[in-house]
There are 2 protein chains.
Amino acid sequence: MTNHSRQNKLLVAVDCIIFGFDGQELKLLLIKRGFEPEKGRWSLMGGFVQPKESFEDAATRVLKQLTGLEDVYMEQLYAFSNPDRDPTDRIASIAYFSLIDINKYQQQLSDEFHAEWFQLAKTPSLIFDHRDMIDMAREKLQYKAAIHPILFELLPDKFTLPQLQSLYEGVYDAVLDKRNFSRKVLSTGLLVKQKEKEKETSKKGAFYFKLDKKKYQKKFNAFLNFIPNPHNLK
Amino acid sequence: MTNHSRQNKLLVAVDCIIFGFDGQELKLLLIKRGFEPEKGRWSLMGGFVQPKESFEDAATRVLKQLTGLEDVYMEQLYAFSNPDRDPTDRIASIAYFSLIDINKYQQQLSDEFHAEWFQLAKTPSLIFDHRDMIDMAREKLQYKAAIHPILFELLPDKFTLPQLQSLYEGVYDAVLDKRNFSRKVLSTGLLVKQKEKEKETSKKGAFYFKLDKKKYQKKFNAFLNFIPNPHNLK
DNA sequence: ACAAAAGTGTTTCACATACACCCATGC
DNA sequence: GCATGGGTGTATGTGAAACACTTTTGT
């Protein structure tokens, strides 16, 4: 227990599950591996953890490498550690998932990795346990987005209610009633109506909204609707 | 990226946050370290991940080593990886939390580790980032127990409603109304009333209940109360 | 008979849901 | 003038919360 022996050391990688939303569909950014093993197959973007780097640092670095983005929403998903998950080497992988504004994503960087956005339902066959990672990420996203307003991280600064609703519908694979939906999201007080309309997708046009960043920060945890009644809390 | 170089390898440990409930208070099992570094200080029970072991395997092994228990509720909490978290070596730690029936715990095993149960509010100073681990575990427990009926994992086969209520009150540090509480838990259909009463803690005595294991399994996920209305799901 | 904890029911209110019509505009 | 998608209001039901008295029994 005390011998920090060399033989107990492991290779540790990070893998990034990157979600984006194009206004219609929830999407996932995958790369085509340009190196062995499994060269030519699709996978999540990943990389090895360096000696002086935390897992978060590594995931941030890897994400930036692929997308050019920093300061985006990222959350540790799970540590995958089956000794046989990579058939060639024993490599543990810490999976992170990110929510990015797909418009800020810098295409040119991705060319290097042959990256492509995939609809969730249409992802290709993936290496190792990356499919499990994605399934778990999706589940966690559903779980968390039901409680915290994280889906705004996928949207541009200005967005319309119909867009927001499509996003929720995509995440939950559900059809929602637009009257109830708009009442619910507006009742949070998190949205600020703009004067301009988005007029690409309809003749009438839909008003833009912006997120009230201050309230967003403040309400991020308050969004919880299941803890016992606040005034019973000691 | 392709060079799985030796120098990228890391020491990886697991640490176990072990919760128990004595009928009154939510408690935590800690050990007094009998080895360097930090010999003599309190810490979580942990151990290094072995070359052919998954992190889950390692945590299961470590938990059994301390408590003698297998097949208990265990969940991966988080991978802690700050390069400086252990000042002597770079060691990442994957934290797991467990919920055990404190009565099944085998005291004699723990003597070897000088283990003791602590009330959450009265935990001593701990090594490294173990305090952070515990805080996060508690938060996750609150989060999860609000949605899934996991707290039964802390109780013996037979328990009373007042005990169950104390448990919830301990986890949320809250005072609950017993009428509303009993209506709510009984409405889940998860509890089966027994004929015997527990007569230690009151003159009148409180009826024992058992968990309906089949319904528990079936309802474990159905307990969710926030997903969009089921009949809207595709 | 009294103290101590168990057990039980009703009212009120907020929120979630179901549901249908009018509006603005480009063509 | 019509087709397309945007925007709004109401009625109903369910579940959460507040609240107080009776029961049992050991001493």
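It should be emphasised that the depicted structure is a prediction, and the values quoted were computed from it without experimental measurement. Below, chain A is the first sequence line, B the second, and so on; all start at residue 1.
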Under 3.5 Å donor-acceptor, [X] side chain and [Y] backbone:
{"X": "B/Tyr172", "Y": "B/Gln142", "answer": "yes"}
{"X": "B/Glu25", "Y": "B/Gly170", "answer": "no"}
{"X": "B/His130", "Y": "B/Leu44", "answer": "yes"}

Taking [atom1] from [X] and [atom2] from [N], how many angstroms apart are they, rounded to a whole number?
{"X": "A/Leu176", "N": "C/dA18", "atom1": "CG", "atom2": "P", "answer": "11 Å"}
{"X": "B/Leu164", "N": "C/dG7", "atom1": "CG", "atom2": "P", "answer": "12 Å"}
{"X": "B/Asp177", "N": "C/dT10", "atom1": "CG", "atom2": "C1'", "answer": "13 Å"}
{"X": "B/Lys184", "N": "C/dT8", "atom1": "NZ", "atom2": "P", "answer": "18 Å"}
{"X": "A/Gln165", "N": "D/dG7", "atom1": "CD", "atom2": "P", "answer": "11 Å"}
{"X": "B/Phe181", "N": "C/dG7", "atom1": "CZ", "atom2": "C1'", "answer": "14 Å"}
{"X": "B/Lys178", "N": "D/dA18", "atom1": "NZ", "atom2": "C1'", "answer": "15 Å"}
{"X": "A/Phe207", "N": "D/dG7", "atom1": "CZ", "atom2": "P", "answer": "7 Å"}

Sugar-phosphate, base or nothing in reach of A/Thr160, heavy atoms under 4.0 Å: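 Answer is nothing: A/Thr160 stays at 4.0 Å or more from every strand.
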
Sub-6.0 Å ring centroid separation between B/Phe152 and B/Phe159: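 That pair passes the under 6.0 Å test.
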
Ring centre gap for A/Phe19 and A/Phe21 strictly below 6.0 Å: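 Not under 6.0 Å, so no.
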
Distance-only side-chain donor-acceptor flag, A/Ser166 / A/Gln24, under 3.5 Å: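 No, because no side-chain N or O of A/Ser166 sits under 3.5 Å from a partner of the opposite role on A/Gln24.
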
Reported NZ-to-CG distance for the pair A/Lys64 and A/Asp71, which is rounded to 0.5 angstrom: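 Reported to 0.5 Å precision, the distance equals 9.5 Å.
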
Gap separating the CZ atom of B/Phe220 from the CG atom of B/Leu190, nearest 0.5 angstrom: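 Here the rounded value is 10.5 Å.
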
Protein-nucleotides 24-27 of chain D N/O pairs under 3.5 Å:
residue : atom : partner  : partner atom : Å
D/dG26  : OP1  : B/Lys199 : NZ           : 3.3

Enumerate the protein-to-nucleotides 10-15 of chain D contacts in which both atoms are nitrogen or oxygen and the separation is below 3.5 Å.
residue : atom : partner  : partner atom : Å
D/dT10  : O4   : A/Arg183 : NH2          : 3.2

Stacked cation flag B/Lys197 on B/Phe207, 6.0 angstrom / 45 deg: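 Yes - B/Lys197 lies over the ring of B/Phe207, closer than 6.0 Å to its centre and within 45° of its axis.
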
Nucleotide nearest A/Arg179 (side chain, heavy atoms from C-beta), chosen from C/dG9, C/dG7, D/dG9: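 That would be D/dG9.
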
